[in-house]
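Working notes for the structure below.
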Amino acid sequence: MNTLKISDLHASVDVEGGTKEILRGVSLTLDSGSVQAVMGPNGSGKSTLAYVIAGHPKYTVTSGSITLDGVDVLGMSVDERARAGLFLAMQYPVEIPGVSVSNFLRTAATSVRGEAPKLREWIKEVKEAMASLQMDPAFSERNVNEGFSGGEKKRHEVLQLALLKPKFAILDETDSGLDVDALRTVSEGVNAFHATSDAGILLITHYTRILRYITPDVVHVFVDGRIVESGGPALADELEAQGYERFVSTVNA
Amino acid sequence: MTAVAEAPATDLAPRIRSNDPDDFPLPTGREEEWRFTPVNVVQDFFEVRPLPTLGFTSPSPLVSTGAVGDDTYAVDRPAAIARHAVAHAIVIEIPDGHESGEAIDVSLVGSAPAAVGHIVIRCGRHAYATVVLRHDLATDSAGSIVTHVGDGSRLTILSLMDGRGDSRQMWQWHSIIGRDATLNALSVTMGAAFIRMCPSVEFAGPGGAVDVVGAFLTQGAEYQEHRVFIDHNQPHCSSNVVYKGALSGDSSHSVWVGDVLVRRNAVGIDTYELNRNLLLTDGPRADSVPNLELETGDVAGAGHASATGRFDDEQLFYLQSRGIPEDLARHLVVRGFFVDVLAKIGDETLRREVLTGLEARIGMSELPP
């Protein structure tokens, strides 16, 4: 079993005329097989948490730690974290002109696996993963995220999840911008990955609707840069019914 | 020799076309066509003096030496001086109906500290051919390339200018496109302390099409200028100009000027020009100036685009977050940047050679296949 442990994490970002603290003491432990949802209002810092785990250079960790099976993650470069088994499905995946999806996927798989996958097996693997996400095979000849619709971008993120097989996946608002059909397909993709890999999943979301398809063991309410309450799936139902108001007023009181 | 008396009817057409150096005043750097150029480092190119003529090697029997001819003109002083000094032309004669996928490969050879050259590529009618012009000189050189594309022909010319060290290269490349003929004029520019390349195109009849495509790599303290002039002087022709440059180093400087003139009679033409520059470091400067002058509104299309941007760190983050190491990620982004330009090189072996050359210059190791 693997464990991703975040302890009292503080992180800030440079803003005009100084720095702004966005994460204010986040603690969270995610084990293999566990699915945890981090839910919070806009601007609460939940996406920052995702980026800080992945190692985005925009953010500075001022104190606290992130470890993967006891090994310091914060000392690793972005690509080292990915090779160690962390994966971030991004809310706004970046366009990379001139780089085809097939070239990108193979280069990523080669990097993460430490050796180039055998071509014949690789083609089959990609084909099957794409079919299960209802992606047109012609998709692999397009440039990475270039001209992709919202649904195509998210499918492409989940496709990478299936192929790179991380130990822990952080899904940053993977549900945003998806219609019901796309949400179902993407959720099924995540569930299929979870069922076959026993990875730990951190689901970052603003809305509860993705939780109809992906059932978390734990729901964290994230407000003002920290987790203010944790509970079972019932907590998500409460958020659905009553919104974040109770937690926001607690913090501001 | 006589200057062709051409009234400056437009802003974009050259004011002077002549093969007599004395018809061109000494450039000061204040002229429109010299305003970016560091003229102080190329003063010797403005002096009339005797200079040896560049030689060549080529396995093709279609390449020989011949007369320079006086059917075309220099458009600036260095070209006129080179033309004045040159002893003979290197002539690539592609006969009518020639059809071959095999490239006619020509390497320029120069050993003196400075040399001049004149290259004539004469493609007959209804021919299909590819010419590769290798210009990897360690010497300073100046001169002209003149391309005649015969009616109905389809000609691809790849100019590989891979200069060495401190060398300086100052070239003009004029192409005349016949009726219903197509020219792909590709240039790849890298190396050399100073490169100024001025491709110009005119049409000899309607229905002609030209792609003027360039990839350049400007590094260290290098200066590279590409000054394109498309003279739409015939109806129903098309031109597509695409230049992409990657810049690095502390003080490299690239200049791209794309002048397109659509004359009154050039109805139904279609023209587009684009320049994109990718700054890999903080030091370089990229100037990009598209100019479109329309004397008729009766065109199928006319447009231009220009953009210079820093290397996108978000692209790097995305690739790295998928486990791809930083140097490989940079490599992918730069390769991706050039991919549409390189795709214009139809020949797979040549394309690979150019890509390998660019990547070696950037200091990138070969990507896994």
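Throughout, a chain's letter reflects where its sequence line sits, starting with A, and its residues are numbered from 1. Keep in mind that this is a model prediction, so the values were computed, not measured.
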For B/Arg322 and A/Phe87, indicate whether the former's side chain and the latter's backbone hold a donor-acceptor pair under 3.5 Å. no
Scanning both residues in full, the closest heavy-atom pair of A/Thr62 with A/Ser12 reads CG2-OG, 3.7 Å
For this session: May I ask you to decide whether B/Glu326 forms a salt bridge with B/Arg330, counting only side-chain N to carboxylate O separations under 4.0 Å?
Result: yes
Original post:
Centroid-to-centroid, A/His206 to A/Phe222, below 6.0 Å?
Top reply: no
Ordered numerically, the heavy-atom neighbours of chain B under 4.5 Å found in residues 47-59 of chain A are A/Tyr51, A/Ala54, A/Gly55, A/His56, A/Pro57
Plane angle bin for A/Phe148 and A/Phe139 - parallel if under 30°, tilted between 30 and 60°, otherwise perpendicular: tilted
| query | Is there a donor-acceptor contact under 3.5 Å from the side chain of A/Thr3 to the main chain of A/Lys5? | reply | no
Rounded to the nearest 0.5 Å, the OG1 atom of A/Thr205 sits from the CD1 atom of A/Ile214 at a distance of 9.5 Å
Against chain B, residues from residues 157-166 of chain A with at least one heavy atom under 4.5 Å, in numeric order, are A/Glu157, A/Gln160, A/Leu164
Exercise. Is it the case that more than 12 heavy atoms not belonging to B/Arg154 sit under 6.0 Å from its CZ atom?
Worked result: no
Applying salt bridge (charged side-chain N to carboxylate O under 4.0 Å, His left out) to B/Arg227 and B/Glu225, what does each step give before you reach the verdict? CA-CA 6 Å; B/Arg227 188 171 276 272; B/Glu225 178 172 349; 2.9 Å; yes
Honestly, the part of B/Phe337 sitting under 4.5 Å from a heavy atom of chain A is backbone
Are the side chain of A/Gln36 and the backbone of A/Thr29 linked by a donor-acceptor contact shorter than 3.5 Å? yes
- Query: Are the side chain of B/Arg285 and the backbone of B/Val255 linked by a donor-acceptor contact shorter than 3.5 Å?
  - Reply: no
Open item on the list: Taking B/Asp340 first and then B/Lys244, would you say they form a salt bridge - that is, a charged N and a carboxylate O separated by under 4.0 Å?
Closed with: yes
Most heavy-atom pairs under 4.5 Å with chain B, out of A/Val144, A/Asn145, A/Asn143, belong to A/Asn145
- Would you call the rings of B/Tyr318 and A/Phe104 parallel, tilted or perpendicular, where under 30° means parallel and over 60° means perpendicular? parallel
Does the distance from a Lys or Arg side-chain N to an Asp or Glu carboxylate O, for B/Asp347 and B/Arg351, drop under 4.0 Å? no
(Q) Treating B/Gln315 as the side-chain partner and A/Glu95 as the backbone partner, does any N or O pair qualify as donor plus acceptor under 3.5 Å? (A) yes
Looking only at the side chains, is there a donor atom on one of B/Gln224 and B/Ser254 sitting less than 3.5 Å from an acceptor on the other? no
Looking only at A/Val112, A/Leu105, A/Leu88, the option with the highest number of non-hydrogen pairs under 4.5 Å against chain B is A/Leu88
**Message:** With a 3.5 Å distance limit and no angle check, can you tell me whether A/Lys154 reaches the backbone of A/Ser176 through a side-chain donor-acceptor pair?
**Reply:** yes
Within residues 184-195 of chain B, the residues sitting under 4.5 Å from chain A by heavy atom, in sequence order, are none
Of B/Pro325, B/Ser321, B/Ala343, the largest count of non-hydrogen pairs under 4.5 angstrom with chain A goes to B/Pro325
Expected contact set for residues 116-138 of chain A against chain B at heavy-atom separation under 4.5 Å reads none
- [ ] Report the relative orientation of the aromatic rings in B/Phe216 and B/Tyr243; use parallel for angles under 30°, tilted for 30 to 60°, perpendicular for over 60°.
- [x] tilted
